[in-house]
Amino acid sequence: MTWEKPKTLLIWTGFFLVVNLLMPLALFGLGLNTQMAALEEVSRNPSPDPDVAMESMAALAPVYAILLPAGLVVLAMIAAAVFRLVLDPEDSRVHPVQFGAEEARLIVLALAYTLLLLVAVVAAVLVGGTIAGVAATAGAGPFVGILTSCALMAGLVYIAVRMSLGPVITFSEGRIAVFDSWAMTRGLVWPILGAYVLAVIAVAVFYLLSQVLVVALGALVSGGDLQSVGRMIDPEMDSLETFFSPGRVLMMLFGAFMSAVFHAVMSAPAAVIYREIRQRRAEF
């Protein structure tokens with residue numbers, strides 16, 4: 001789908017490039033680049049200092065308070081853009097990326113799904129802990145615990161697949177459809193799951209090949225200096241000049257392109273599945 005609409009893919013890449021530029025600009029503008037660098041240094045340390053990590057995270061809290069809602073808006077905008085491209089190509093040509101009522105409903109649905117996910121995870125942990133405790137008391141050994149964990153994980157995946165059409169239903173029907181996907185996906189779990197697995201595999205293969213290409217090109221540009229390639233991928237945050245090196249800007253452009261491809265490939269299956277189910281129901 002993305003290759004059939006190169007103009008749309010280019011617009012999405014530009015959109016993500018702007019988003020990728022805003023985060024470091026916000027960090028440098030607020031003078032929080034040193035805290036981010038400290039947090040990254042802690043994450044690389046096999047024995048990190050929890051106090052330093054907490055101090056850095058506390059200093060970055062205002063940034064995350066802005067970036068997390070902004071990220072939710074970005075995801076809603078790009079998901080709606082993909083749904084629009086699949087379900088209404090004519091409107092997609094006019095509004096490749098926008099923010100309106102459709103995107104706002106997707107944000108509300110995402111918040112509702114987050115709460116449901118938390119409830120499901122807590123319930124799974126409680127059930128798993130109870131079964132593991134009973135099994136340990138009965139002397140059943142760790143095998144029961146492993147089986148229980150696998151069963152609970154499979155249950156969460158099953159629920160996720162059954163609920164996965166909620167965003168596209170919300171977008172298409174102009175209402176917040178929290179549980180409508182459950183009825184629509186009845187009897188279709190395996191083919192839907194297969195479509196999602198194929199999408200993940202396609203993105204993973206494309207990403208790995210692209211990373212190999214980027215590292216090879218970076219090594220070629222830097223004359224084989226792998227440290228320079230590393231600085232392009234993970235630059236120093238001392239100043240804007242060192243961060244926005246030509247190589248880093250190239251990496252950000254690549255990251256924006258990969259984000260556009262990733263979201264298109266991961267969001268499109270749900271839209272295509274919904275379109276096919278709706279067409280079949282219309283025929284009958």
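Position 1 is the first residue of the sequence; numbering continues from there. Computation of the quantities below employed the complete heavy-atom set of this structure, encompassing side-chain atoms and omitting hydrogens, waters and symmetry-equivalent molecules.
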(message) How long is the straight-line distance from CZ of Phe171 back to CD of Glu103, given to the nearest 0.5 Å?
(response) 7.0 Å
(request) Any chance you could measure Phe262, atom CZ, to Tyr207, atom OH, to the nearest 0.5 Å? (result) 11.0 Å
(message) Do Arg162 and Ile192 have side chains that approach each other closer than 4.5 Å (heavy atoms only, starting at C-beta)?
(response) no
(message) Any heavy-atom pair between the side chains of Leu68 and Leu72 that's under 4.5 Å?
(response) no
(message) Just by distance, no angles: are the side chains of Ser172 and Arg278 close enough, under 3.5 Å, to form a donor-acceptor pair?
(response) yes
(message) Quiz question: by atom type and distance under 3.5 Å, do the side chains of Arg105 and Thr170 form a donor-acceptor pair?
(response) no
(request) Take Ile169 and Phe83 through the test side-chain contact (heavy atoms from CB on, under 4.5 Å) and record every step on the way to the result. (result) CA-CA 10 Å; Ile169 296 173; Phe83 296 158; over 6 Å; no
(message) Does Val178 form a side-chain contact (heavy atoms from CB on, under 4.5 Å) with Leu116? I'd like the steps, not just the answer.
(response) CA-CA 10 Å; Val178 178; Leu116 290 175; 3.8 Å; yes
(message) Contact between Leu126 and Val122 at the side-chain level, heavy atoms closer than 4.5 Å - yes or no?
(response) yes
(request) Look only at the side chain of Tyr113 and the backbone of Val108, and say whether a donor-acceptor pair between them is shorter than 3.5 Å. (result) no
(message) So, taking the atom named CD1 in Ile159 and the one named CG in Leu117, what distance separates them when rounded to the nearest 0.5 Å?
(response) 9.5 Å
(request) Could you tell me whether the side chain of Val168 reaches within less than 4.5 Å of the side chain of Leu87, counting heavy atoms only? (result) yes
(request) Go through Ile277 and Leu188 one step at a time and tell me if the side-chain contact (heavy atoms from CB on, under 4.5 Å) criterion holds. (result) CA-CA 10 Å; Ile277 294 175; Leu188 299 173; 3.6 Å; yes
(request) Step by step, work out the side-chain contact (heavy atoms from CB on, under 4.5 Å) result for Met266 and Tyr196. (result) CA-CA 7 Å; Met266 294 306 296; Tyr196 294 154; 5.9 Å; no
(message) Just verifying a value: how many Å separate Ile107 CD1 and Met77 CE, rounded to the nearest 0.5 Å?
(response) 9.0 Å
(message) Determine whether a donor-acceptor pair (N or O, by modelled atom type, separation under 3.5 Å) exists between the side chain of Glu276 and the backbone of Ile273.
(response) no
(message) Checking the side chain of Ser259 only, and the main-chain atoms of Phe16 only, is there a donor and an acceptor separated by less than 3.5 Å?
(response) no
(message) Would you compute the distance between atom CD of Glu173 and atom OH of Tyr274 and round it to the nearest 0.5 angstrom?
(response) 4.0 Å
(message) Please say yes or no: joined through hydrophobic side-chain contacts below 4.5 Å, possibly via intermediate residues, are Leu75 and Leu111 part of one cluster?
(response) no
(message) Just verifying a value: how many Å separate Phe15 CZ and His263 NE2, rounded to the nearest 0.5 Å?
(response) 9.5 Å
